[in-house]
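Everything below concerns the one structure shown next.
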Number of protein chains: 2
Amino acid sequence: MATRRVTLRDVARRAGVHPSTASRALNPQTREMITEDIARRVARTARALGYQPNPIAYLLKTNRSRIIGVLIPDITNPVFPPIIRGIEDALGAAGYTAVLANTDNDEQRERVILENMIGRRVDGLIMATARRRDPLVQRCLAEEIPLVLINRTVASGEVSSVVNDDEFGMELAVAHMARCGHARIAHLAGPLDLSTGFTRHRGFIKAMKEVGLKADPRLIGLCSSFNETEGRRVFLGLRAGNRRFTAVVAANDLLAVGCYDALHELGLRAGREVAVTGFNDMPFVDKLRPPLTTVRIPHYQMGAQAARMLLARLRDPHAPIEHVTLRPELVVRDSTGRAPRTSSRSRGSA
Amino acid sequence: MATRRVTLRDVARRAGVHPSTASRALNPQTREMITEDIARRVARTARALGYQPNPIAYLLKTNRSRIIGVLIPDITNPVFPPIIRGIEDALGAAGYTAVLANTDNDEQRERVILENMIGRRVDGLIMATARRRDPLVQRCLAEEIPLVLINRTVASGEVSSVVNDDEFGMELAVAHMARCGHARIAHLAGPLDLSTGFTRHRGFIKAMKEVGLKADPRLIGLCSSFNETEGRRVFLGLRAGNRRFTAVVAANDLLAVGCYDALHELGLRAGREVAVTGFNDMPFVDKLRPPLTTVRIPHYQMGAQAARMLLARLRDPHAPIEHVTLRPELVVRDSTGRAPRTSSRSRGSA
DNA sequence: CTTTTTTATGCAATCGATTGCGCCACTCGG
DNA sequence: CCGAGTGGCGCAATCGATTGCATAAAAAAG
C-alpha cells in the first residue's frame with residue numbers, strides 16, 4: 001500500500017531540528033546559514049527516509065513551477081518532433097520540464113490551453129503557434145510571462161524569437177531552379193497571417209528578382225493552411241489557369257507533398273514534367289519517390305536555442321529581446337530533375 | 001502590470017461572506033448546503049471579479065491534479081500523433097489535461113520522467129512505453145496510480161491495456177502474401193521484449209501455419225528497435241544469407257521503410273522483385289513509391305479508448321482490469337505487387 | 001568578566017484553497 | 001411559550017513547503 005510520503009516535518013523531527021532548519025539545510029541557496037554539522041545530519045536523514053520535496057507546496061509558496069509550456073500548432077506535422085527534442089534537452093539540462101500541448105491550429109483551443117497553462121503557473125512559454133498579429137502573445141505580455149517564439153514570429157517583433165532565415169531559404173530554392181534552367185516558376189504560398197508563409201512569399205518574389213526573373217502573380221497560389229490537401233488543391237488550381245509553368249516552389253514540405261499527389265493524379269511526375277521544391281526537410285521526404293529537393297532548417301538547434309533564450313530570461317527578467325535567425329541549407333534531391341544528383345542524406349536532425 | 005490575481009478570500013469579502021461559504025457556494029458538490037440566495041450572490045461577484053480558482057492550492061489540499069501523464073517512447077514516430085490526439089480529446093471532454101513526455105526509448109529517462117510525474121501528482125498515467133516485463137509499471141502499481149497501457153502491454157496482464165490485435169493483423173498480412181502467390185516469406189521481427197514485437201512474431205508463425213506454409217527460422221530477422229536503420233540492416237542481413245525469399249512481412253512501417261532503403265541500394269523495387277508489407281499505416285506511407293501495403297491500426301480510437309478506461313478507473317478505483325484489443329484492417333497498396341490495386345486512401349485518422 | 005555583536009536556530013505567518021466541527025437562529029411540536 | 005431539532009454559516013485546522021523576524025548561545029570587544 002502506498003504509505004504516506006515523507007514530508008519535511010518528518011525529516012526535521014527525525015533529525016531533531018525544526019522544519020525551517022531542515023528546509024534551509026536542504027536548500028543549496030541557504031545551506032551556508034546552517035552549521036556544517038547539522039546540515040549534514042539533515043541531509044543524511046533526508047536521504048535515509050527517501051525524502052522527496054513536494055513540488056506542489058513549493059510552487060504554492062514560491063510561485064515557481066519549473067515548468068515550461070510548449071505550444072505546438074499541429075503535432076501531426078513531422079517538423080515538430082525534432083524541435084521538441086531540442087527544447088526538452090536544453091530545458092532538462094537546467095532542471096526544467098517541458099509540458100507539451102497541441103493546439104490543433106485552432107485559435108479557440110489555443111486560448112483554452114494558454115489559460116490552463118497560465119493557471120498552472122508555468123514559469124515560461126515557448127510558442128510555435130504565433131500568428132503575425134496574435135492576441136495570445138499580448139496576453140502573455142500582459143501577464144508578464146517569459147515567452148519565446150519559435151519557427152514563427154509576430155510582426156511587431158516585441159518578443160524574443162528564433163526563426164529560420166526564410167528569405168535566404170527562398171533564395172536558395174529559387175536560385176537552384178534558375179540554375180536548372182527554369183524561367184516560369186510558380187509559388188505555393190502558405191497562409192500570409194503566419195510569418196513563415198508571409199516571409200517565404202516575400203522571399204520568393206525578392207529571389208525571383210535577384211535571378212532576373214519576373215514573379216508572375218498569376219503563378220502564385222495561396223494556401224489557407226500548411227497541409228497536403230491544400231497543396232494539392234492549389235496546385236491543381238494553378239494548373240487549370242492558362243499560364244504554364246515548369247517549376248513550383250512550395251512554402252513547405254507538406255504543400256510539396258500535395259503537389260506530388262496532384263501530379264500523380266495527372267499522370268505526371270515531379271522532377272520530370274514539373275520541378276518541385278519543399279521547405280523544412282522534414283523526416284521522410286527523402287523517402288518519397290522522387291526524393292524531395294528542399295530547404296533544410298536546423299530544427300533541433302532551433303528548439304535548443306529557444307529553450308536557452310527562455311532560460312536566460314528566467315534568470316534575468318530584464319534580459320533584452322533577441323531575434324535569432326538560423327541559416328538553412330539547400331538539400332538537392334531528385335524532385336528538381338536534371339540537376340546532377342548530389343545528396344540524399346537520411347532524415348533530419350535526431 | 002500583472003495585478004495580483006483575485007483569490008477566494010477576495011470574492012468572499014466582496015460578497016460579505018466567509019471564505020468557506022464562498023468555497024461551498026462555488027463548488028457544485030456542496031452548493032446545496034448554501035442558501036440559494038447567497039450562492040447566487042457569491043457566483044455573481046466571482047464572475048464580476050474574474051475569479052479563477054488556483055489549481056495549485058486545490059491540488060495541495062485535495063491531492064487531485066486533474067492531470068494525466070502520457071509517456072511516449074519516441075515522439076518522432078508518426079504513429080503517436082493520432083494516438084495522442086485521441087487521448088487529448090477524450091481527456092479534455094472530462095476536464096482533464098494530458099501532459100506529454102517523450103522518453104526516447106531510454107529506460108533511464110523513462111524512470112526520471114515517471115518520478116517527476118509522480119512527484120507532480122498526476123492523477124493517472126497512460127504509458128505507450130511498456131516492455132513485456134517493466135519495472136516502471138510495478139512502480140505505478142506500488143504507488144497505486146491509475147494506469148492504462150496503450151499499444152504495448154506487459155506479459156503479466158496485471159494492468160488495463162488497449163492494444164491492437166497483432167496476431168490477427170499478421171494473419172491479414174500473411175494471408176495476403178499467400179494469395180499473391182508467395183511461398184517463401186520472410187519476417188522482420190521487432191524487439192521481443194516489447195509486446196508488439198513479440199506478438200507479431202508469434203502471429204507471423206501462426207499465420208504461416210494457417211495458410212499451410214512453413215515459417216523458416218532462417219527467414220526471420222530480429223530487429224533490436226523499430227526504426228528504418230534497423231530495418232535496412234536486418235533486411236540486408238537476410239538477403240546475404242543463402243535462403244531466398246520473395247516477400248517480407250515487417251513488424252512495423254518504419255522497418256518496412258528500411259526495406260525500401262535497402263532495396264533501393266540494391267537497385268530493386270518493392271512490389272516488383274520483393275513484396276513488402278508494413279504494420280501501422282502511419283502517416284505518409286501512402287506517399288512512398290510504391291505506396292506501402294500495410295495493416296491499419298485505429299490509432300485515434302486506441303488513444304480515446306485508453307483515456308476513457310483511465311477516466312473510469314479514476315471515478316472508481318476498484319474498476320476491474322480490462323484488456324481491450326482493437327481490430328486492424330489490411331490496406332492493400334502497391335508494395336505487394338500483382339494484387340489488383342484496390343485502395344490507397346490518404347493519411348490515417350486525424 | 002561584562003557588554004556588544006554575531007551567528008545559528010526556532011517561531012509563526014503565509015501561499016490559496018478545502019472541510020470537520022461547532023454555534024446560532026429559526027422552525028415546529030407539545 | 002418553551003425545548004428539541006435542524007439547517008446555514010463561520011471558525012480554524014490543514015495540505016507541505018518557505019521565509020522574515022525573534023531569540024538564545026557563542027564569539028568578539030572592551
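Letters go in sequence order (proteins before strands), and every chain restarts at 1. These numbers come from a predicted model, not from an experiment.
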Exercise. Would you say A:Y51 reaches D:dA17's phosphate, i.e. side-chain N/O to OP1/OP2 under 4.0 Å?
Worked result: yes
Exercise. So what does A:P55 touch, heavy atoms closer than 4.0 Å: a base, only the sugar-phosphate, or nothing?
Worked result: nothing
For this session: Please report, rounded to the nearest Å, how far the P atom of C:dA17 is from the CD atom of B:Q29.
Result: 18 Å
For this session: Considering non-hydrogen atoms only, spot the tightest contact between A:V154 and A:D134 and give its length.
Result: CG1-CB, 4.3 Å
Exercise. Can you name the nearest heavy-atom pair linking B:A43 to B:L26, along with the distance?
Worked result: CA-CD1, 4.0 Å
Exercise. Nearest-Å distance, CG (A:L8) to C1' (D:dG16)?
Worked result: 8 Å
Problem set entry | Sequence neighbours excluded, every pair satisfying salt bridge (Lys or Arg N to Asp or Glu O under 4.0 Å) that has a member inside residues 41-62 of chain B | none
Exercise. In terms of side-chain geometry, is the basic nitrogen of B:R111 or B:E115 positioned less than 4.0 Å from the acidic oxygen of its partner?
Worked result: no
Exercise. Please give, in whole Å, the distance from D:dA17 C1' to A:D10 CG?
Worked result: 12 Å
Problem set entry | Atom pair distance, as rounded to whole Å: CD in A:Q52 and P in D:dA17 | 10 Å
Exercise. Partners of B:N105 by side-chain hydrogen bond (donor to acceptor under 3.5 Å, both in side chains), sequence neighbours excluded?
Worked result: none
Seminar exercise, completed: Separation of C:dT18 atom P from B:L26 atom CG, nearest Å, is 8 Å
Exercise. Atom CG of A:L59 to atom P of D:dA17: distance rounded to whole Å?
Worked result: 13 Å
Problem set entry | Pair B:R85 + A:D74, salt bridge at N-O below 4.0 Å | yes
Seminar exercise, completed: Reading nucleotides 5-15 of chain C from 5' to 3' and marking B where a protein heavy atom lies under 4.0 Å of the base, S where only the sugar-phosphate is that close, and - otherwise, the string is ---SSBBB-BB
